[in-house]
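The structure appears right after this line, and notes come after that.
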Amino acid sequence: MSGNQNQADYWSSESGLKWIWFEKELDLVFNAVDEALIRKSLPQTGESVLDIGCGTGATTRTFSKYISPGGQSRAVDISPPMIDQAKAHVHEHSVKPTYHLADVQSDPIPGAPFDLVISRFGAMFFADSTAAFANVREHMKSDGRMVLAAWAKAQGNPWFEAPKDGAVNRMGPMDHSDPNAPGPLGFQNIEHVVGVLRQSGFVDVSGETTDVILAHPGPLERVAALASNIGPAARILKKYNGTKADVEAIKNYVFERFRGFETEGGVRIPARLNFFFARNE
Ligand SMILES: C[S@@+](CC[C@H](N)C(=O)[O-])C[C@H]1O[C@@H](n2cnc3c(N)ncnc32)[C@H](O)[C@@H]1O
């Protein structure tokens with residue numbers, strides 16, 4: 001047992017399924033994260049790429065464009081509904097992604113060895129991150145590279161902080177846990193993650209914080225609804241059996257906090273991310 005059944009359950013529950021219900025809007029908002037991943041990992045035509053914790057596969061599909069023609073695009077996720085939704089997408093590039101239901105920590109991953117492993121917010125949830133990255137590394141070519149995108153700390157990340165504050169004000173505190181515990185903020189501490197990746201056998205490991213702008217055409221109300229339904233708000237709503245009225249209250253709070261991010265060209269929210277780089281020797 002890998003200890004990740006709780007993640008399979010969470011990401012198949014109502015809270016996780018919101019990533020499917022809000023898929024189009026989330027992919028718009030997180031497009032800036034994909035762009036940063038592309039800039040930092042430089043996928044090449046013909047390469048073999050693996051997306052870990054792929055969700056509904058937007059990042060997988062974006063990378064397929066860069067490795068076409070001739071490359072190979074694989075993606076894995078532990079949540080059956082996420083994988084089903086990913087498979088339902090039409091592929092647009094000559095490299096057609098293949099999606100697999102798998103626990104990154106312990107399962108064999110088809111299509112190895114890979115030149116490049118990437119993840120957008122899908123690598124912070126493993127019960128045993130050292131074991132998970134050792135498993136990933138075993139599926140990589142020698143000299144293969146890995147680039148991961150994760151959230152930096154909540155402070156200074158309004159996308160995270162505003163819905164969390166709104167939910168805490170309305171319902172009560174989050175569980176206090178180890179800041180490095182599996183979860184959306186589990187990779188906020190660069191030194192910790194660099195240590196884990198080295199322990200997993202990777203070399204040339206580093207991490208850096210990068211600021212991006214999360215953009216959405218608006219209106220602001222839609223963005224507030226989106227932020228209030230996923231992330232920390234979703235977790236607090238789940239903990240306290242939140243109602244529709246609670247979601248509405250959080251949304252109104254987030255709306256006020258996000259007012260300053262409204263521009264003529266849509267809603268633009270500054271965000272702070274941690275990127276991690278590692279190489280298989
Ligand atoms: C925050 S979502 C990100 C999804 C996608 N990368 C995106 O940006 O839209 C995290 C994803 O990691 C997946 N995940 C969590 N633990 C996993 C594990 N042990 N193995 C594979 N996938 C996992 C979840 O099922 C979920 O789809």
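In each ligand, atom 1 is the first atom listed, and ligand 1 is the first ligand listed.
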Discussion item. Under a plain distance cut-off of 3.5 Å, with no hydrogens placed, do E23 and W19 share a side-chain donor-acceptor pair?
Written reply: no
Item to complete: Please state whether the rings of F126 and F133 are parallel, tilted or perpendicular, taking 30° and 60° as the class boundaries.
Response: perpendicular
Worksheet item: Which atoms of ligand 1 sit under 4.0 Å from any heavy atom of D103?
Response: 18 (C), 19 (N), 20 (N)
Item to complete: Compute the ring centroids of F187 and W151, then answer whether they are less than 6.0 Å apart.
Response: no
Worksheet item: Just by modelled atom types, is the S41 backbone N or O under 3.5 Å from a matching donor or acceptor in the R145 side chain?
Response: yes
Discussion item. Once you restrict to heavy atoms under 4.0 Å, what part of C54 touches ligand 1? Side chain, backbone, both or neither.
Written reply: backbone
Worksheet item: Which atoms from ligand 1 have a heavy atom of G55 less than 4.0 Å away?
Response: 4 (C), 5 (C), 27 (O)
Worksheet item: Which ligand 1 atoms are under 4.0 Å away from a heavy-atom of S79?
Response: 25 (O)
Worksheet entry | Other residues, nucleotides, ligands: >12 heavy atoms within 6.0 Å of R222 CZ | no
Worksheet item: Do any nitrogen or oxygen atoms of D27 lie less than 3.5 angstrom from nitrogen or oxygen atoms of ligand 1?
Response: no
Worksheet item: In the protein, what heavy atom is nearest to atom 10 (C) of ligand 1, and what distance, to one decimal place, separates them?
Response: F121 O, 3.4 Å
Discussion item. What protein heavy atom lies closest to atom 12 (O) of ligand 1? Include the residue and the distance to one decimal.
Written reply: G53 CA, 3.7 Å
Practice prompt. Give a yes/no verdict on a cation-pi contact between K87 and Y99, requiring under 6.0 Å between NZ or CZ and the six-membered ring centre and an angle within 45° of the axis.
Written response: no
Worksheet item: Looking only at non-hydrogen atoms, which of Y10, W151, W11, F126 approaches atom 2 (S) of ligand 1 most closely?
Response: W11
Worksheet entry | Any donor-acceptor pair under 3.5 Å from R74 side chain to P97 backbone | no
Fill in: Minimum non-hydrogen distance to atom 23 (C) of ligand 1, winning option of V33, N6, I78
I78
Worksheet, complete the sentence: Taking only non-hydrogen atoms of R120 and a 4.0 Å limit, the atoms of ligand 1 in range are 3 (C), 5 (C), 6 (N), 7 (C), 8 (O), 9 (O)
Worksheet item: In ligand 1, which numbered atoms sit nearer than 4.0 Å to a non-hydrogen atom of A102?
Response: 20 (N), 21 (C)
Item to complete: Verify whether the ring centers belonging to F125 and Y10 lie closer than 6.0 Å.
Response: no
Worksheet item: Among protein heavy atoms, which sits nearest to atom 20 (N) of ligand 1, and what does the distance come to when rounded to 0.1 Å?
Response: V104 N, 3.0 Å
Worksheet item: In the protein, what heavy atom is nearest to atom 15 (C) of ligand 1, and what distance, to one decimal place, separates them?
Response: F125 CB, 3.7 Å
Discussion item. Does only the side chain of F30 get under 4.0 Å from ligand 1, or the backbone, or both, or neither? Count heavy atoms.
Written reply: neither
Practice prompt. Establish, from distance only, whether the side-chain atoms of T59 and D51 form a donor-acceptor pair under 3.5 Å.
Written response: no
Worksheet entry | Min N/O separation D77 to ligand 1 under 3.5 Å | yes
Discussion item. Tell me if a side-chain donor or acceptor on N157 pairs with a main-chain N or O of W159 at a distance below 3.5 Å.
Written reply: no
Item to complete: Would you mind listing which atoms of ligand 1 come within a distance below 4.0 Å of any non-hydrogen atom of M82?
Response: 27 (O)
